[in-house]
A.B. asks: 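This is the structure I want to talk about, given as structure tokens.
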Amino acid sequence: MAIERTLSIVKPDAVAKNVIGKIYQRFEDAGLKIVAARMVHLSAREAGQFYAVHKDRPFFSELVEFMTSGPVMIQVLEGEGAIAKNRELMGATDPKKAAPGTIRADFADSIDANAVHGSDAPETAAVEVAFFFPGMNIYSR
Ligand code: RTP
Ligand code: MG
């Protein structure tokens, strides 16, 4: 399988719970490397742009409100099949449906406050990495 990069976000609920390190440990234990990272308090404009694909969905305003409710930790993960691997580690969007042992099963409270974001395909991963790390050198290792 190819080495990929994917965009991951530890959302405001998980940052507030002080579990960034526990979540990072799961990435590393699964063989994913953190090759870029920054903590950001998103503006409504940035959150809306980032989740623009959902702008006509009924939950869009709640999503933007939640994503701007506190700082988030944003990282690029690199590794074999990183996009699917990260989605597997995250678990289903709704923590009630997330498989035991996944990040959302263990750390998420609700479908809104669901601890993490992960790119869902190679195309979105490329766009999302460029959105948060524009023109930056990211070092493979
Ligand atoms: P994410 O983009 O954050 O990684 O989450 P995802 O792929 O698992 O889910 P997605 O369909 O992309 O939805 C983005 C975020 O919107 C919220 N959502 N609420 N109330 C609802 O039915 C609903 N559906 C989605 C979730 O917080 C989800 O993470
Ligand atoms: Mg998504």
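As the structure is a computational prediction, the values presented were derived from the model and not from experiment.
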A.B. asks: Closer than 4.0 angstrom, basic N to acidic O: yes or no for K96 and D109?
C.D. replies: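 Looking at K96 and D109, the cut-off is not met.
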A.B. asks: Considering only NZ, NE, NH1 and NH2 on the basic side and carboxylate oxygens on the acidic side, decide whether D94 and R104 come within less than 4.0 Å.
C.D. replies: no
A.B. asks: Counting only heavy atoms not in N18, do more than 12 fall under 6.0 Å of its CG?
C.D. replies: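 It does not: N18 CG has 12 such atoms or fewer within range.
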A.B. asks: Could you check whether any side-chain N or O of T68 sits under 3.5 Å from a backbone N or O of V64, counting only pairs where one atom can act as donor and the other as acceptor?
C.D. replies: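 Between the backbone of V64 and the side chain of T68 there is a qualifying donor-acceptor contact (under 3.5 Å).
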A.B. asks: Which residue pairs satisfy the side-chain hydrogen bond (donor to acceptor under 3.5 Å, both in side chains) criterion with at least one member in residues 83-92, sequence neighbours excluded?
C.D. replies: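 Every candidate side-chain hydrogen bond (donor to acceptor under 3.5 Å, both in side chains) pair involving residues 83-92 fails, so no pair, neighbours aside, qualifies.
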A.B. asks: Would you say that more than 12 heavy atoms from the other residues, nucleotides or ligands in this model lie under 6.0 Å from the CD of E65, or not?
C.D. replies: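 No, the 6.0 Å shell around CD holds no more than 12 heavy atoms from other groups.
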A.B. asks: Quick check: is Y24 connected to V72 through a chain of hydrophobic side chains (ILVMFWY, heavy atoms under 4.5 Å apart)?
C.D. replies: no
A.B. asks: Within the 4.5 Å heavy-atom criterion, are I9 and F50 side-chain neighbours or not?
C.D. replies: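 Of all side-chain heavy-atom pairs linking F50 with I9, at least one is under 4.5 Å.
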A.B. asks: Could I get the full list of salt bridge (Lys or Arg N to Asp or Glu O under 4.0 Å) partners for R5, not counting sequence neighbours?
C.D. replies: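 Expected list: E78.
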A.B. asks: Hey, are the side chains of I83 and P122 touching, using non-hydrogen atoms and a 4.5 Å cut-off?
C.D. replies: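 Counting from C-beta outward, I83 and P122 do come under 4.5 Å.
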A.B. asks: State whether the side chain of N114 and the backbone N or O of T93 hold a donor-acceptor pair below 3.5 Å, judged by distance alone.
C.D. replies: yes
A.B. asks: Between H117 (side chain) and V10 (backbone), is there a donor-acceptor pair under 3.5 Å?
C.D. replies: no
A.B. asks: For A125, does its backbone N or O pair with a side-chain atom of T6 as donor and acceptor, under 3.5 Å?
C.D. replies: no
A.B. asks: Does Q75 use its side chain to pair, donor to acceptor, with the backbone of M73 at less than 3.5 Å?
C.D. replies: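 Yes, because the side chain of Q75 sits within donor-acceptor range (under 3.5 Å) of the backbone of M73.
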A.B. asks: Quick check against the 3.5 Å criterion: does K17 have a side-chain atom that pairs as donor or acceptor with the backbone of F107?
C.D. replies: yes
